[in-house]
Amino acid sequence: MAQIRLTNTKTRKKEDFRPIDPSNVRLYLCGPTVYDRAHLGNARPVLVFDVLVSLLRHVYGADHVTYVRNFTDVDDKINAEAQRRKGLGSPLSLEELITERTDETIGWYHADMDALGAARPDHEPRATGYIAQMIAMIETLIENGNAYAKEGHVLFRVRSYPDYGKLSGRSVDDMIAGARVEVAPFKEDPMDFVLWKPSDADLPGWDSPWGRGRPGWHIECSAMSEDLLGDHFDIHGGGIDLQFPHHENEVAQSCCANPHAGFANVWLHNEMLQVEGKKMSKSLGNFFTVRDLLEKGIPGEVIRFVMLSTHYRKPMDWTEAKREEAEATLRKWRGLVAGVTPAASPAPAVIDALSDDLNTAGAIAALHDLAGQGDAAGLLASARMLGLLTDELADWAEAGDEAGALIEALLVARSDARMARDFARADAIRDGFAAAGVEVKDTAGGAEWALATGFDAARLKALAGEVLS
RNA sequence: GGUGGGUUGGCGGAGAGGUUACGCACCGGAUUGCAAAUCCGUGAAGACCGGUUCGAUUCCGGUACCCACCUCCA
């Protein structure tokens, strides 16, 4: 069995992965703030972790991995949306409107990630379900001298944690020197960050020892991960943009609340997504959600393939050219494995690549090798380690009965024309196929077909109408 | 100012101190009524300047350029 190696942000090195408890490998991924549809960048860590979990289950056993991904459902953007709906005259209370919004968004999120073939985590805690644990953790931090309450706020005393900045490689003094830090009158130090903040009547709030209020963002993940995975677990991940301040603050909170525990052993951070070489942003007009792509007819499996074709620690560029290439490759492979029973186990080359810091691009290269050798069973079993060529994601590549019957009938017509040496008619049918996105292969045993990029059922129907009448 | 990432053949994109990455595209051949698909094959690379080494695209140092983060952001 290949030794799994992972690049640990904490040490900035690629290290052998040694689980704390091989019978229960524990991971936590920072999930979305559920205020709107997931954009394409949100999908990257989800897919990276999906493959990681699949690899860990392969190595340690399906029942020996616990994967947690949270929903942040306490957030000012969610509040703003609820207030907007209230302003439009909704009869629901603000709390109900927030629940309405977050339930709706979570439903979308599930649908979108399902469409990419990402397995649901074992636990998907919502922050609002863990307020009591957050309050308890904050109380501990105050007792330990790491936090202080002031004017309804509770703040983390950054100077009380000597290792602050270690995860992100920053020094507290540099951060203050360079920076735009919020200087609030109730802060002892400009770097101190909020654990709890007061809510006025227009905002959701919970009763606490410090009055009615709501938690700061960072404490949510500390409380949820501790409750579900314990105070010492294996892997914690997220986008590189979360490294600071979110993860740095999580480390500070959790390590001060549980000084001898250790928190996460390995930190994994994926690089950001770009679109045609630029950061995805609303102002550049290149911002889109996963749903936008799905609605344009881009299959989830194609999105997944493109995402996994770049190593997770490199910036990933979403381009039209990659989308096309991915689709062509998947169509080819789907044709190869049609009706084939997967091999008993994935190819060693694929496991080796994934074990080497989750080298999904290398794994895909190994899949190309298998395809080139004509090892369909091996290709199928191995691709499924990456969540590709699964039955769940197969729909887009299939023609359906009606189209299939039309194609068969047209192929008979073409064959007849060729036999009669009416090549003009035969070639017209072939050109029609090409225009409709159907690829015809003349083999020794007769004509075979497959759908190609840009398959168009309507054009196929029109072609059949012309030729077969 | 601080921090991180990137720079590989026409394009995408990995690994490895010395041996073909891989895919797509291109070119040549086989095959075909002509094609397509398929098969076989040929080309083509590692920003720049130094250093270490018998040998570096791979290690070390520096330079340049690009991207991102340091503020809610996966």
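All chains are named by letter (A, B, ...) in the order of the sequence lines, taking the proteins before the strands, and each is independently numbered beginning at 1. When reading the values below, keep in mind they use all heavy atoms of this one structure, side chains included, and skip hydrogens, waters and symmetry mates.
- Of the N and O atoms on the side chains of A:Q243 and A:S168, not one donor lies less than 3.5 Å from an acceptor on the other residue.
- Residue A:R430 places a side-chain atom within donor-acceptor reach of the base of B:A35, judged by atom type and a 3.5 Å distance cut-off alone.
- Comparing B:U57 with B:U19, their C1' atoms are spaced 15 Å from each other, to the whole Å.
- Out of B:A14, B:A74, B:C70, the shortest distance to the side chain of A:L242 is found at B:A74.
- The C1' atoms of B:U52 and B:C65 are separated by 27 Å, rounded to the nearest whole Å.
- The separation of B:U71 from B:C66, taken at their P atoms, amounts to 24 Å, rounded to a whole angstrom.
- For the pair A:K441 and B:A35, the criterion of a side-chain N or O lying under 4.0 Å from OP1 or OP2 is not met.
- Nearest to the side chain of A:K77, among B:C72, B:C34, B:C70, sits B:C72.
- If you find the closest nucleotide of RNA chain B to A:H246 and to A:D427, the one lying nearer the 5' end belongs to A:D427.
- Across every strand in view, B:C34 sits unpaired, with no contact that passes the Watson-Crick or G-U test at under 3.5 angstrom.
- In this structure a side-chain-to-backbone donor-acceptor pair under 3.5 Å is present from A:D357 to A:T7.
- When both pairing distances are held under 3.5 Å, B:U20 makes no Watson-Crick or G-U pair with any nucleotide shown.
- As rounded to whole Å, 12 Å separates atom C1' of B:U3 from atom CG of A:L167.
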Verdict with supporting geometry, A:Y28 and A:N70, side chain to side chain donor-acceptor pair (under 3.5 Å): CA-CA 8 Å; A:Y28 187 95; A:N70 71 289; 3.2 Å; yes
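- No engagement by A:D76 is indicated, since no non-hydrogen atom pair under 4.0 Å with the nucleic acid exists.
- For the C1' atoms, the distance linking B:A47 with B:G5 amounts to 16 Å, nearest Å.
- When heavy atoms are screened at a 4.0 angstrom cut-off, A:G41 is found touching base atoms of the nucleic acid.
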Quick one, A:L273 with A:L40, criterion side-chain contact (heavy atoms from CB on, under 4.5 Å). Give me CA distance, side-chain angles, the key distance, then yes/no. CA-CA 8 Å; A:L273 177 109; A:L40 189 61; 3.9 Å; yes
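- Closest contact between the side chain of A:H368 and the listed nucleotides B:G33, B:G23, B:G4 involves B:G23.
- Of the possible donor and acceptor atoms, one in the side chain of A:S382 sits under 3.5 Å from a partner among the backbone N and O of A:A347.
- Remark: the separation of the C1' atoms in B:A16 and B:G46 is 13 Å, to the nearest Å.
- One finds the CG atom of A:N8 at 10.5 Å from the CZ atom of A:F17 (value rounded to the nearest 0.5 Å).
- Within 4.0 Å of A:L273, counting heavy atoms only, lies at least one base atom of the nucleic acid.
- Judged by distance alone, with hydrogens and angles left aside, the side-chain atoms of A:K150 form no donor-acceptor pair with the main-chain N or O of A:L155 at under 3.5 Å.
- Among the protein residues, A:Q243 comes within range of no part of the nucleic acid, since none of its heavy atoms lies under 4.0 Å from any strand.
- To the nearest angstrom, P of B:C66 lies 23 Å from CE of A:M316.
- Base orientation for B:G5: anti, the chi torsion being more than 90° from 0.
- Proximity of A:T310 to the phosphate of B:G13: a side-chain N or O atom is located under 4.0 Å from OP1 or OP2.
- The side chain of A:D369 has B:C22 as its nearest neighbour among B:C22, B:G4, B:C67.
- At a cut-off of 3.5 angstrom, counting only N and O atoms as typed in the model, there is no donor on one side facing an acceptor on the other between the side-chain of A:N359 and the base of B:G13.
- Distance CG (A:N8) to C1' (B:G4): 15 Å, rounded to an integer number of Å.
- Taking atom P on both nucleotides, B:U38 is separated from B:G4 by 46 Å, rounded to a whole Å.
- The listed nucleotides are B:G13, B:A35, B:G4; the one nearest the side chain of A:R414 is B:A35.
- The phosphate of B:A37 (OP1 or OP2) has no side-chain N or O of A:K332 nearer than 4.0 angstrom.
- Note on A:D317: nothing from the nucleic acid sits closer than 4.0 angstrom, heavy atoms only.
- Residue contacts shown for A:N270 include a base, since a base heavy atom lies under 4.0 Å away.
- Residue order along RNA chain B, read from the 5' end via each residue's closest nucleotide, puts A:D356 first among A:G372 and A:D356.
- Taking atom C1' in both B:C54 and B:G41, the straight-line distance is 35 Å, to the nearest Å.
- In this structure, A:R331 atom CZ and B:G23 atom C1' are separated by 18 Å, rounded to whole Å.
- Across the protein-nucleic acid pair, A:R323 atom CZ and B:C24 atom P stand 17 Å apart, rounded to whole Å.
- When Watson-Crick and G-U wobble pairs are counted only if both distances are under 3.5 Å, B:G41 pairs with B:C27.
- Among the atoms of the strands shown, none is found under 4.0 Å from any heavy atom of A:T319.
- In this entry the distance linking CZ of A:R44 with P of B:G5 reads 14 Å, nearest Å.
- If you measure from atom CZ of A:F305 to atom C1' of B:G12, you get 11 Å, rounded to the nearest angstrom.
- Residue A:K314 has no polar side-chain atom (N or O) positioned under 4.0 Å from OP1 or OP2 of B:C67.
- Set against B:A35, B:G23, B:G4, the side chain of A:E325 has B:G23 as its closest nucleotide.
- When heavy atoms are screened at a 4.0 angstrom cut-off, A:H39 is found touching base atoms of the nucleic acid.
- As a whole-Å value, the separation of A:R313 CZ from B:C67 P is 22 Å.
- For A:H246 (side chain) and A:F244 (main-chain N/O), no donor-acceptor pair under 3.5 Å exists by modelled atom type.
- Listed nucleotides B:G23, B:G33, B:A36 differ in distance to A:R421; the shortest reach to its side chain belongs to B:G33.
- With hydrogens and angles left out, the side chain of A:D241 and the base of B:A68 share no donor-acceptor pair within 3.5 Å.
- Using a 4.0 Å cut-off between charged nitrogen and carboxylate oxygen, A:R69 and A:D50 do not count as a salt-bridge pair.
- Nucleotides B:G43 and B:U31 place their C1' atoms 23 Å apart, quoted to the nearest Å.
- Nucleotide B:C65 is matched to B:G6 when pairs are restricted to Watson-Crick or G-U wobble geometry with both distances under 3.5 angstrom.
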